Amino acid sequence: MAINKIKGTYDVLPNESYLWQALEQKIRDILGLYNMKEMRTPIMEYSDVFHRHTELSDMVTKETYNFDDRGNRKLTLRPEGTAGIIRSYVENKLYTSQELEKVYYIGPNFRYERPQKGRYRQFYQFGVEAIGTIDPALDAELIILAYDFIKRLGLKGVRVRINSLGNEKSRDTYQEALKNYFIPHKDELCEDCKVRLEKNPLRILDCKVDHNHKAVKNAPTPQDYLDTESRAYFKKVLDHLNITKISYEIAPKLVRGLDYYSHTVFEIEADIEGFGAQNVLGGGGRYQNLVSELGGPNLGGIGFAFGMERLLLALEAENVDFAKEKELDAYVIVFDENLKTIATNILYELRLANLICDTNFTQKAFKGQLKQALKMKAKYLIILGDEEYQKGVVGIKDTKTELQEEVLIPKIKKYLLEKLEK
Ligand code: AMP
């Protein structure tokens with residue numbers, strides 16, 4: 001019996017992997033411009049890396065894949081990238097060598113969510129973390145980076161939304177005020193929000209069930225509770241953004257789902273027609289307690305993550321031609337089984353010269369081979385027949401112009417390199 005993939009997962013098939021590769025290459029190129037270095041951490045960690053808060057997000061309480069290994073250790077497949085990066089930052093004492101560590105990661109995460117378009121149980125994120133200092137210029141740099149990235153990808157209908165939760169004091173005052181505000185409305189809220197009201201009322205504003213509720217719509221915003229320091233910090237972030245003239249909007253109700261943020265939070269939203277409900281492409285914010293909670297010094301950081309499936313869906317929805325599948329430079333058609341070794345050598349020589357080439361391995365007739373060559377969009381056909389071989393030549397046909405020339409076998413490489421201008 002054939003076995004199917006796990007619900008909420010997907011396969012990247014050979015004819016679509018070039019899109020993933022192109023996206024990953026773009027990520028590496030652009031992040032390199034911002035002097036970000038890649039970090040690779042394991043996809044599984046001790047559960048404590050994620051399960052450490054008293055106020056836990058849904059992602060951690062309800063959606064993680066937890067299991068015991070054969071030595072009865074509690075492990076978790078990572079649901080997000082930040083915690084593992086911080087665990088490694090602390091474990092490797094990266095703070096001793098750099099005041100600010102600017103890193104990025106690319107990789108799969110796992111969340112037990114209800115699968116739908118743009119929402120999977122295994123999904124890819126790339127993310128950025130800048131750990132070690134608190135500076136409004138750095139918050140701005142990450143927002144500029146996120147904006148720059150989506151522009152360079154070629155996405156148009158995308159909005160950058162930002163907000164400030166203020167320092168921890170402002171955030172706590174706001175949280176208290178929000179709680180008091182919602183208490184009279186408790187019975188009207190969904191079951192999850194009733195719990196959130198006690199544990200972390202900020203997350204009521206993110207609720208997918210209650211977001212249209214009048215009480216949620218009229219709730220006070222973090223902006224109303226920013227103290228002087230927090231206000232000044234946010235103003236500086238905006239000063240940095242304004243000088244670059246990137247476009248953004250202030251979203252007073254934006255708080256983000258996770259419970260460790262303070263000061264700047266932001267989200268990148270796709271405003272693309274027909275794109276669907278999962279329209280948040282990425283987001284992030286500043287955090288103050290994460291490093292110390294994972295056993296490190298009291299250092300803050302700021303980070304964001306983009307969902308890569310959603311980026312690809314957005315590119316498709318906007319018909320952005322951002323990647324091209326590599327085409328074959330040459331395809332060797334062999335007429336005679338006895339000449340196959342000659343073909344092997346021709347291919348080897350061409351590949352040494354960095355030409356992309358292939359041949360037929362299934363002994364089809366000429367017509368079948370030609371069909372395959374054209375399907376693979378080969379630019380040149382190298383036709384190796386018995387008669388030609390006796391003369392020491394092959395026929396080389398340009399598939400666009402249909403012109404064919406005879407070329408001495410030792411000259412094939414030079415001929416093609418010239419034609420292809422390589
Ligand atoms: P989060 O880590 O929840 O802030 O998510 C950051 C981004 O990751 C989101 O904006 C999505 O683009 C993406 N993302 C989160 N969860 C999923 C999921 N289950 N499937 C696909 N993409 C996701």
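Remember, predicted model here, so these are calculated numbers, not experimental data. Read the numbers this way: they start at 1 and go in the same order the structure lists the ligands and their atoms.
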Exercise. For ligand 1, is any non-hydrogen atom under 4.0 Å from Arg256's backbone (N, CA, C, O), its side chain (CB onward), both, or neither?
Worked result: side chain
Problem set entry | Salt-bridge criterion met for Arg87 and Glu45 (N-O under 4.0 Å) | yes
For this session: With heavy atoms of Gly282 as the reference, note each atom of ligand 1 found under 4.0 Å away.
Result: 10 (O)
Problem set entry | For Leu202 against Val255, the heavy-atom pair lying closest together | O-CG2, 3.3 Å
Exercise. Less than 4.5 Å apart, any side-chain heavy atom of Phe123 and any of Pro108?
Worked result: no
For this session: Report, as yes or no, whether the 6.0 Å neighbourhood of atom CD1 on Ile243 holds more than 12 heavy atoms from other residues, nucleotides or ligands.
Result: no
Seminar exercise, completed: Ranking Ala270, Gly307, Gly118 by closest non-hydrogen atom to atom 21 (C) of ligand 1, top hit is Gly118
Exercise. Between Gln125 and ligand 1, does any nitrogen or oxygen pair lie at a separation below 3.5 Å?
Worked result: yes
For this session: Examine ligand 1 and decide if any of its atoms is less than 4.0 Å from a heavy atom belonging to Ala305.
Result: yes
Problem set entry | Distance filter under 4.0 Å to Leu281 heavy atoms, resulting ligand 1 atoms | 10 (O), 12 (O)
For this session: With atom 14 (N) of ligand 1 as the reference point, say which of Tyr124, Phe110, Phe123, Tyr112 has the nearest heavy atom.
Result: Phe123
Exercise. Does a side-chain N-to-carboxylate-O contact under 4.0 Å join Glu38 and Arg40?
Worked result: yes
Exercise. For ligand 1, which atoms have a heavy atom of Glu113 less than 4.0 angstrom away?
Worked result: 16 (N), 17 (C), 18 (C), 19 (N)
For this session: Identify, by atom number and element, the atoms of ligand 1 in contact range of Tyr120, meaning under 4.0 Å from any of its heavy atoms.
Result: 18 (C), 19 (N), 20 (N), 21 (C)
Exercise. Nearest heavy atom to atom 3 (O) of ligand 1: which of Arg111, Glu63, Arg119 does it belong to?
Worked result: Arg111
For this session: First locate atom CD1 of Ile131, then atom CD1 of Ile85, and finally report the distance between them rounded to the nearest 0.5 Å.
Result: 7.0 Å
Exercise. Going by heavy atoms in the side chains, are Tyr120 and Glu309 under 4.5 Å from each other?
Worked result: yes
